[in-house]
2 protein chains.
Amino acid sequence: MKLTSKGRYAVMALADLANFNSVNPVSLRDISLRQGISLDFLEQIFSKLKRHNIVKSIRGTNGGYILNKDPVQIKLANILNAVDEEVKTVQCKKDSKKGCNNKTSKCITHNLWDELEMHINYFFEQKNLKDLITNTSEGRN
Amino acid sequence: MKLTSKGRYAVMALADLANFNSVNPVSLRDISLRQGISLDFLEQIFSKLKRHNIVKSIRGTNGGYILNKDPVQIKLANILNAVDEEVKTVQCKKDSKKGCNNKTSKCITHNLWDELEMHINYFFEQKNLKDLITNTSEGRN
DNA sequence: TGAATACTTGACTAAATTACTCAGGTATAT
DNA sequence: ATATACCTGAGTAATTTAGTCAAGTATTCA
């Protein structure tokens, strides 16, 4: 059970962006250098973030990205969803061949994994970008 | 962010075992047939479960496995830990080359991922095998 | 206008992980 | 004896991840 780099990087990059949130856009190059993330990979990630209206892009010299909303309004769930980082615990979803769909009986642990998914998603729904940059780490379950 | 089959199968198999918990041991062959999990794979999994004292084995004809403790005392955390299904959200742990260890500054999102890990582990600590077989699904966060 | 900067897009690939299979073996009951 | 079922380690195909590479387009500034 682990988080992928794409999801982690997306959150790291946006936290960085929120930190340096000024009038000027922040270039991916800067984020790349500060966070140690490959520029090419960042471009992939931000293309998705843009498509989901989480960031806005400004082209040309001195261009870069800026947040499209107030950090408080950007939930981790939004970010992770944008980069296709889904929480998946079961195989037996609608379109899947595996799992309890192709059997007559529902698998024993089905409800359990659903609960787990909800439990994790709850966490991502609670946290927003603002929580990250004011890092007093007062997060509670 | 997803659970591996090994972890899922381990829990499914043990739930099955708990369900058919009688005087007689349950063979992997039976579990394999009922749950649709490859026998060879089950053997790998149960070898680990045995090493962690979650099940006991009985060899020979009519042999099989039985639970080593009361289902209430077997937490999901124990099971997943036994099959090496760890919850990993950050790269920057002690022995890792990647992440914020090899940098001077601590990465911005470090605390966040730690919180997430705790959040998920909390779930696995709360649930036990008994919860699964009395499937009234009354789990709350 | 032209050069530099920085976003944009899609295809491709190496490495790692996962989810097994395979091929032997050993212990026990009947 | 023989069948059952546990036991163990090595190997491997498929999938996923984590990027790289290449070729653009838009904008600013000198």
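Computed from a predicted structure; not experimentally measured. A note on names: the letters A, B, ... follow the listed sequences, proteins ahead of strands, and every chain is numbered from 1.
A straight line from OH of B/Y65 to C1' of D/dA5 spans 9 Å, rounded to a whole angstrom. As a whole-Å value, the separation of A/F41 CZ from D/dC21 C1' is 15 Å. Distance CZ (B/R29) to P (D/dC7): 17 Å, rounded to an integer number of Å. Between the CG atom of B/D40 and the C1' atom of C/dG24 there is a distance of 12 Å, rounded to whole Å. Look at CD1 on B/I37: it is 15 Å from C1' on C/dT18, rounded to the nearest Å. Atom pair B/L42:CG and D/dA5:C1' shows a separation of 13 Å (rounding to whole Å applied). Across the protein-nucleic acid pair, B/I31 atom CD1 and D/dA5 atom P stand 12 Å apart, rounded to whole Å. One can place CD1 of A/I66 at 12 Å from P of C/dC7, the figure rounded to the nearest angstrom.
Distance alone, capped at 3.5 Å, is enough to place a donor-acceptor pair between the B/S32 side chain and the B/I37 backbone. Here the side chain of A/Q35 pairs no donor or acceptor atom with the backbone of A/Y9 at under 3.5 angstrom. B/T109 places no side-chain N or O within donor-acceptor distance of the main-chain N or O of B/L112, the cut-off being under 3.5 Å.
You'll find that the side chain of A/E43 is closest to C/dC7, out of D/dC6, C/dC7, C/dA19.
Direction change of the helix axis from one end of the helix from C/dT1-D/dA30 to C/dT30-D/dA1 to the other is 10°, with five pairs defining each end axis (rounded to 10°).
Counting non-hydrogen atoms under 4.0 angstrom, A/S57 reaches the backbone sugars and phosphates but no base. Within 4.0 Å (heavy atoms only), B/S47 reaches no atom of the nucleic acid at all. No engagement by A/F46 is indicated, since no non-hydrogen atom pair under 4.0 Å with the nucleic acid exists.
Each of A/L39 and B/L3 has a nearest nucleotide on DNA chain C; the 5'-most of these lies closest to A/L39. Comparing B/M1 and B/G64, the nucleotide of DNA chain D nearest to each residue sits closer to the 5' end for B/G64.
Remark: B/E125 engages B/K75 in a salt bridge (Lys or Arg N to Asp or Glu O under 4.0 Å) (not counting sequence neighbours).
One finds a side-chain N or O of A/K50 lying less than 4.0 angstrom from the OP1 or OP2 phosphate oxygen of C/dT8. For A/T4, no side-chain nitrogen or oxygen approaches OP1 or OP2 of D/dT17 to under 4.0 Å. Note on B/S27: every side-chain N or O is 4.0 Å or more away from OP1 and OP2 of D/dT4.
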### Query
Once each nucleotide of nucleotides 24-30 of chain D is scored for protein heavy atoms under 4.0 Å, what B/S/- sequence comes out, 5' to 3'?
-BBBBS-
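Note on residues 14-35 of chain A: no pairs pass ring pair (Phe, Tyr, Trp, His ring centres under 6.0 Å), not counting sequence neighbours. Residues in residues 41-65 of chain B take part in these salt bridge (charged side-chain N to carboxylate O under 4.0 Å, His left out) pairs, two or more places apart or across chains: B/K48-B/D84.
Residue B/I31 is not grouped with residue B/I66 when hydrophobic side chains (ILVMFWY) are merged at heavy-atom distances under 4.5 angstrom, including chains of intermediate members.
The aromatic rings of A/Y65 and A/F46 are tilted relative to each other, their planes meeting at an angle between 30° and 60°.
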For nucleotides 11-15 of chain D, tabulate all protein N/O to nucleotide N/O atom pairs closer than 3.5 Å, reporting atom names and distance.
none

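Looking at heavy atoms from C-beta onward, B/L129 lies in side-chain contact with B/I79 at the 4.5 angstrom threshold. Looking at A/V26 and A/R34, their side chains come closer than 4.5 Å, going by heavy atoms from C-beta outward.
A/N78 and A/Q73 get closest at one heavy-atom pair: OD1-O, 3.8 Å.
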#### Entry: Residue pair B/N62, B/N24: steps toward the side chain to side chain contact (heavy atoms under 4.5 Å, CB included) verdict
CA-CA 8 Å; B/N62 298 327; B/N24 307 314; over 6 Å; no
